[in-house]
Amino acid sequence: MESPAHEIVIARSEADIQHCYDVRIAVFHHEQKFPLETEIDEFDPTATHFLLRLTPSATPVGTIRAYRAPGGYYKLSRLAVLKAYRGFRFGHELVLALHGWVKAHALGAGSTEWAEIVSHSQIPVKGFYTKFGYQAEVSALSLMKNLYLVQISDDPSQGAEFDEEGDPHQKMVLRLPL
């Protein structure tokens, strides 16, 4: 299936940022039933929002956001593609666009080797992130168990699951080479 003509832009205008919110609300609230009041949060005003839109119509169909967290890592969040457009690898393109932004931002901030990106993945899509090299963060307790029982796993999907807005998630981490 051929991908429709599209572009990914950093949403700078209020209208483009609203388009990002609209896609997120359609996917996370209407489709996946997350509470509407949790969709727009305290990170949105300072985050970098990426908007994937069809060309030449400028119809918004996907979004992702990134921000530098207080711990010095970058946070990938709110990846959403409208259901009708999920067969075109738009999610893949959005993650790559975010990775490119992280590299440029990290190099501009003086990093020289790698940048850490964290995502809280919904459990059904964590395999999507492992294709980019993300690995589930392993808790200290799991590491201790592995050391004592010599059951070290190379499976990048192993790690503690947690509840986020009533849905199971897993912390996925990528050390992105610069």
Side-chain angles (χ1 to χ4, degrees), residues 1-69 73-102 105 117-137 156-157 159-174 176:
M1 184 178 337
E2 189 172 326
S3 176
H6 62 282
E7 64 182 356
I8 297 174
V9 298
I10 292 179
R12 299 189 193 284
S13 70
E14 286 185 33
D16 281 347
I17 291 170
Q18 185 60 52
H19 289 312
C20 293
Y21 294 163
D22 293 344
V23 170
R24 287 167 37 185
I25 289 167
V27 172
F28 296 123
H29 176 64
H30 295 297
E31 181 186 335
Q32 297 181 6
K33 307 301 183 206
F34 285 97
L36 180 60
E37 60 273 7
T38 64
E39 186 48 44
I40 309 303
D41 63 22
E42 69 273 17
F43 301 108
D44 279 309
T46 57
T48 298
H49 301 267
F50 297 81
L51 176 63
L52 189 147
R53 59 190 179 197
L54 303 181
T55 56
S57 69
T59 302
V61 298
T63 188
I64 193 171
R65 78 172 182 189
Y67 58 88
R68 184 100 189 243
Y73 61 88
Y74 292 87
K75 181 78 186 287
L76 175 163
S77 63
R78 303 301 205 262
L79 171 60
V81 175
L82 297 178
K83 193 171 192 171
Y85 296 94
R86 292 198 188 134
F88 300 111
R89 298 179 48 85
F90 288 159
H92 183 264
E93 289 186 41
L94 284 161
V95 171
L96 292 179
L98 182 141
H99 286 178
W101 177 86
V102 166
H105 191 272
I117 305 174
V118 172
S119 174
H120 291 175
S121 172
Q122 294 177 354
I123 299 304
V125 295
K126 65 185 183 181
F128 171 80
Y129 292 102
T130 62
K131 292 176 185 175
F132 293 97
Y134 286 82
Q135 296 190 349
E137 182 177 76
S157 68
E161 294 180 9
F162 58 92
D163 179 83
E164 188 168 280
E165 305 300 337
D167 202 48
H169 284 70
Q170 189 169 39
K171 183 177 180 180
M172 305 290 286
V173 180
L174 173 68
L176 183 69

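Below, all heavy atoms of this structure are taken into account, side chains as well, without hydrogens, waters or symmetry copies.
- No side-chain heavy atom of T46 sits under 4.5 Å from any side-chain heavy atom of R68.
- At distances below 3.5 Å, at least one donor-acceptor pair connects side-chain atoms of H29 with backbone N or O atoms of L36.
- Two residues are said to be in side-chain contact when any heavy atoms from C-beta on lie closer than 4.5 Å; E31 and L82 fail this criterion.
- Among K126, K171, H169, the single residue meeting the side chain to side chain contact (heavy atoms under 4.5 Å, CB included) criterion with E161 is K126.
- Here the straight-line distance linking atom CH2 of W101 with atom CD1 of I8 works out to 15.0 Å at 0.5 Å rounding.
- Considering only heavy atoms from C-beta on, H30 comes within 4.5 Å of I25 through its side chain.
- Taking OH of Y67 as the start and CD of E42 as the end, the distance is 7.5 Å to the nearest 0.5 Å.
- Judged purely by atom type and a 3.5 angstrom limit, H120 has no side-chain atom pairing as donor or acceptor with the backbone of K75.
- Note that OG1 of T48 and CD1 of I64 are 11.5 Å apart. Values are rounded to the nearest 0.5 Å.
- T63 places no side-chain N or O within donor-acceptor distance of the main-chain N or O of L51, the cut-off being under 3.5 Å.
- Looking at heavy atoms from C-beta onward, H92 lies out of side-chain contact with K131 at the 4.5 angstrom threshold.
- Taken to the nearest 0.5 Å, the CD1 atom of I10 stands 11.0 Å off from the CD1 atom of I17.
- Contact check for R53 versus H19: no side-chain heavy atoms found under the 4.5 Å cut-off.
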query = R86 and V27: side-chain contact (heavy atoms from CB on, under 4.5 Å), yes or no, with the steps?
reply = CA-CA 11 Å; R86 292 198 188 134; V27 172; 3.7 Å; yes
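- Counting heavy atoms from C-beta on, the side chains of V61 and V23 never come closer than 4.5 Å.
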Any chance you could lay out the side-chain contact (heavy atoms from CB on, under 4.5 Å) test for F28 and Q122, step after step, and finish with the verdict?
CA-CA 11 Å; F28 296 123; Q122 294 177 354; 4.2 Å; yes
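- In this structure, the side chain of R78 does not engage the main chain of Y21 through any donor-acceptor pair within 3.5 Å.
- Between the D167 side chain and the E164 main chain, no donor and acceptor come within less than 3.5 Å of each other.
- Here F88 contributes atom CZ and L52 contributes atom CG; the two are 11.0 Å apart, rounded to the nearest 0.5 Å.
- Taking both residues in full, the closest heavy atoms of T59 and S57 are given as OG1-OG, 2.8 Å, listed atom of the first, atom of the second, then distance.
- Under a cut-off of 6.0 angstrom, the local environment of CD in E37 is crowded, with over 12 non-hydrogen atoms contributed by other residues, nucleotides or ligands.
- Here the closest heavy-atom approach between residue H99 and residue Y134 is recorded as NE2-OH, 2.9 Å.
- Annotation: side chain of Y74 is not in contact with side chain of L176 (no heavy-atom distance under 4.5 Å).
- Here CD of E7 is found 9.5 Å from CG of L54. Values are rounded to the nearest 0.5 Å.
- In this structure, H6 has its ring center at least 6.0 angstrom away from the ring center of Y85.
- Annotation: side chain of L79 is in contact with side chain of F128 (closest heavy-atom distance under 4.5 Å).
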